[in-house]
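Some notes on the structure that comes next.
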Amino acid sequence: MNNKNKELAQIFYKIADALEFKGEQVFRVLAYRKAARVIEELTDDIEELNRSGKLRTIPGIGEGIAKKIDEYLKTGRMKKYEEAMRGIPEELLELLNIQNLGPKTLALAHKELGVKNLADLKRVIENGSLAKLFRMGEKKVENIKKGIALYEQAQRRIPIDIATKIADMVVSYLKNAPGLKNISPSGSLRRMKETIGDIDILVAAKNGAKIVEYFTKMPGVIQVLAAGDTKGSVIVKTEDETFQVDIRIVDEDSYGSALQYFTGSKDHNVALRTLAKEKGLKLSEYGVYKGEKKVAGRSEEEVYQILGLKWIPPELRENRGEIEAAQKDTLPNLIDYNDIKGDFQIHTVNSDGSATIEEMVKAAIERGYEYIAITDHSKSANYANGLTVDRLLAEWDEIDRLQKRYKSIKILKATEVDILTSGKLDFPDKILAQADIVVAAVHQGFKHHVTERLCYAIENPHVDIIAHPSGRLINKREGYEVDLEKVLEHARKYQKILEINAYPNRLDLNDIWAKRAKEMGIKLAINTDAHNVADLAWMRFGIGIARRGWLEKADVINTKNWAELRKYLKL
DNA sequence: GCCGTTTTCGGCCCGACTGTTTTCAGTCG
């Protein structure tokens with residue numbers, strides 16, 4: 001399932017790029033791009049929506065696009081797509097991902113110089129012909145060249161843990177900048193998105209130019225991309241990797257509206273500005289204006305308030321219904337970053353972790369947890385030094401001994417049991433029956449009947465949690481061939497818990513599926529999958545995903561205190 | 001191409017920076 005969703009999203013993105021390249025009017029291009037995005041974020045099967053005639057109920061899909069979807073699903077082709085792509089060489093549109101090279105310049109280079117791919121582009125840069133075109137010049141070409149260098153080395157988004165680390169470093173450097181009044185990360189990092197494009201930092205200060213100058217002198221800066229009075233942009237190098245960091249400087253009395261603006265998302269902002277316009281107001285990063293008069297801007301709260309909205313937590317700002325909810329005062333009371341009382345997926349030296357059970361227990365106590373589950377891998381996980389039944393029972397004995405010494409925390413005897421390719425679990429039921437909690441997961445046979453295997457595991461009465469249900473690895477692996485809708489439906493039926501794996505390269509379930517699960521009444525658990533003491537800190541990223549999925553405290557099992565959890569798990 | 005308690009047509013968010021220009025176009029977010 002969902003293959004058609006993905007295909008159609010890709011097709012509409014490409015139509016948008018192609019039309020933009022051909023100089024089609026902007027709003028039509030934007031309409032295709034919006035349709036692509038909503039389809040991409042759909043958890044429903046688009047074929048099903050088409051069959052039941054519900055396509056048109058999706059905002060962004062109107063008569064025209066619905067027809068094109070139907071045409072594609074029925075015939076496997078879409079005339080509009082073929083027409084849009086006509087005359088455009090295969091690799092050309094890909095070049096739009098190069099910074100400083102937009103559709104206009106690319107079209108010009110294609111038309112005048114016959115540029116068809118990256119090699120052609122490099123050639124016309126080197127032989128000077130690109131610089132001679134109308135409205136082009138040495139500096140523009142130089143910027144495109146820099147764009148190509150970035151494009152070639154950094155074709156990836158930044159994982160959230162690394163982005164967080166860099167942002168913390170930049171913020172602590174800038175705090176000493178002359179005249180700085182306030183500072184905050186903004187952009188997708190503040191929204192806790194699973195990956196980050198650029199790192200955006202907002203500063204409140206009077207003397208923008210001085211702040212920018214100070215910023216460009218930060219240790220690690222290897223290239224200055226822009227340096228104006230209110231805005232600066234640099235490339236920072238740490239170890240082997242490079243990252244783009246942007247700062248914006250505004251007056252203190254615009255800090256709220258600027259923070260709102262630079263936090264985004266773009267779609268959220270567009271919707272917000274449209275709302276402002278309807279109310280006869282104008283919203284920009286400098287404030288909310290009624291005519292010439294500024295009526296809000298110092299804090300985000302007052303910006304939202306004057307638009308008739310409750311303040312919206314950054315994690316919700318994706319234009320997925322949060323503005324309507326804020327209008328009706330029905331925003332969720334999101335799970336808080338301090339609500340977590342325990343962790344249900346922890347590995348130790350006994351399998352592939354690097355800390356002992358005792359070290360993990362101590363670290364969990366330090367975090368104020370009331371319980372943790374030790375979930376070392378099962379025997380078939382050879383690569384991870386998986387436990388045999390004997391070693392598992394020995395581990396549980398060790399837990400019994402430790403439990404006597406550490407009374408302030410409950411150490412749950414558990415396992416992360418493999419769901420084998422055959423569909424069976426890696427430990428016999430009579431062993432699983434003795435565990436306090438059983439976490440089941442697929443680690444092999446990613447293309448082999450994964451949906452059925454997960455459903456079979458869900459039916460096992462001893463299984464409590466399904467770990468990383470989609471199996472994707474961010475920037476690395478697509479995920480299992482799995483029908484998540486069926487898996488969720490099964491989890492709902494058997495009242496099993498699904499995991500939000502907080503490990504930064506997993507974040508699985510993701511925000512969209514977590515939201516879907518909540519809407520279906522499924523409970524979730526946020527687990528770190530920690531393999532050492534430091535990994536326990538990943539919890540905040542899992543909570544970020546949960547918040548992006550509109551989850552409240554009651555939706556997440558490990559917000560329960562030990563007494564409540566014990567009752568819930570019938571221990 | 002989408003959308004509608006002011007519209008089924010005529011709107012569609014707003015501004016900074018850069019580079020190439022003699023007032024603006026392109027790109028980005």
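Model, not experiment: these values are computed from the prediction.
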Side-chain N,O (A:Thr230) to OP1/OP2 (B:dC17) below 4.0 Å: yes
Salt bridge flag under 4.0 Å for residues A:Glu194 and A:Arg506: no
Per-nucleotide protein contact string for nucleotides 21-29 of chain B (B base, S sugar-phosphate only, - none; heavy atom under 4.0 Å): ----SSSSB
C1'-based separation of B:dG11 from B:dT6 [nearest Å]: 13 Å
A:Lys54 bridged to A:Asp44 by N-O distance under 4.0 Å: no
Whole angstrom value for the distance that separates C1' of B:dT8 from CZ of A:Arg56: 12 Å
P spacing across the pair B:dT21 / B:dT27, given as an integer number of angstrom: 15 Å
Atom-pair distance (CD1 on A:Ile61; P on B:dC3), nearest Å: 9 Å
B:dA25 to B:dT20 separation - P atoms, rounded to the nearest Å: 16 Å
Spacing of CG belonging to A:Leu113 relative to CG belonging to A:Leu108, to within rounding of 0.5 Å: 7.5 Å
CD (A:Glu519) with more than 12 external heavy atoms under 6.0 Å: yes
Separation of atom CG in A:Leu130 from atom P in B:dT20, rounded to whole Å: 11 Å
Rounded distance in Å - NZ (A:Lys68) to C1' (B:dG1): 7 Å
Which residue lies more 5' along DNA chain B, comparing A:Lys139 with A:Arg28 via nearest heavy atoms: A:Arg28
Same-atom distance (C1') from B:dT23 to B:dG29, integer angstrom: 24 Å
Sugar-phosphate, base or nothing in reach of A:Phe27, heavy atoms under 4.0 Å: base
Side-chain N or O of A:Lys277 closer than 4.0 Å to phosphate OP1/OP2 of B:dC12: yes
A:Ile58 CD1 - B:dC2 P separation (whole Å): 12 Å
Base partner of B:dC12, which must satisfy Watson-Crick or wobble distances under 3.5 Å: B:dG1
More than 12 heavy atoms of other groups within 6.0 Å of A:Lys22 NZ: yes
Nearest-angstrom distance from the residue atom CG of A:Leu275 to P of B:dC3: 17 Å
Nearest-Å distance once atom C1' is located in both B:dT8 and B:dC3: 9 Å
Sugar-phosphate only, base, or nothing, as touched by A:Leu283 at under 4.0 Å among non-hydrogen atoms: sugar-phosphate
Sugar-phosphate only, base, or nothing, as touched by A:Glu63 at under 4.0 Å among non-hydrogen atoms: sugar-phosphate
Rounded C1' spacing from B:dC2 to B:dT7 in Å: 14 Å
Phosphate OP1/OP2 of B:dA16: any A:Tyr286 side-chain N/O under 4.0 Å: yes
Whole-angstrom distance between B:dT5 and B:dG1, as gauged at atom P: 23 Å
Whole-Å P distance, B:dG4 and B:dC13: 14 Å
Touch class at under 4.0 angstrom, heavy-atom based, for A:Ala227 against every strand present: sugar-phosphate
Nucleotide nearest A:Ile65 (side chain, heavy atoms from C-beta), chosen from B:dG15, B:dC2, B:dT18: B:dC2
Residues A:Asp168 and A:Lys165 bridged, charged N to O under 4.0 Å: no
Comparing A:Ala31 and A:Thr274 on DNA chain B - which has the more 5′ nearest nucleotide: A:Ala31
NZ/NE/NH1/NH2 to OD/OE distance under 4.0 Å, A:Asp267 and A:Arg320: no
Basic-acidic side-chain contact under 4.0 Å: A:Arg248, A:Glu285: yes
Separation of atom CD1 in A:Ile249 from atom C1' in B:dG15, rounded to whole Å: 15 Å
Salt-bridge contact A:Lys518-A:Glu552 (side-chain N to carboxylate O under 4.0 Å): yes
Atom-pair distance (CG on A:Leu202; P on B:dA16), nearest Å: 14 Å
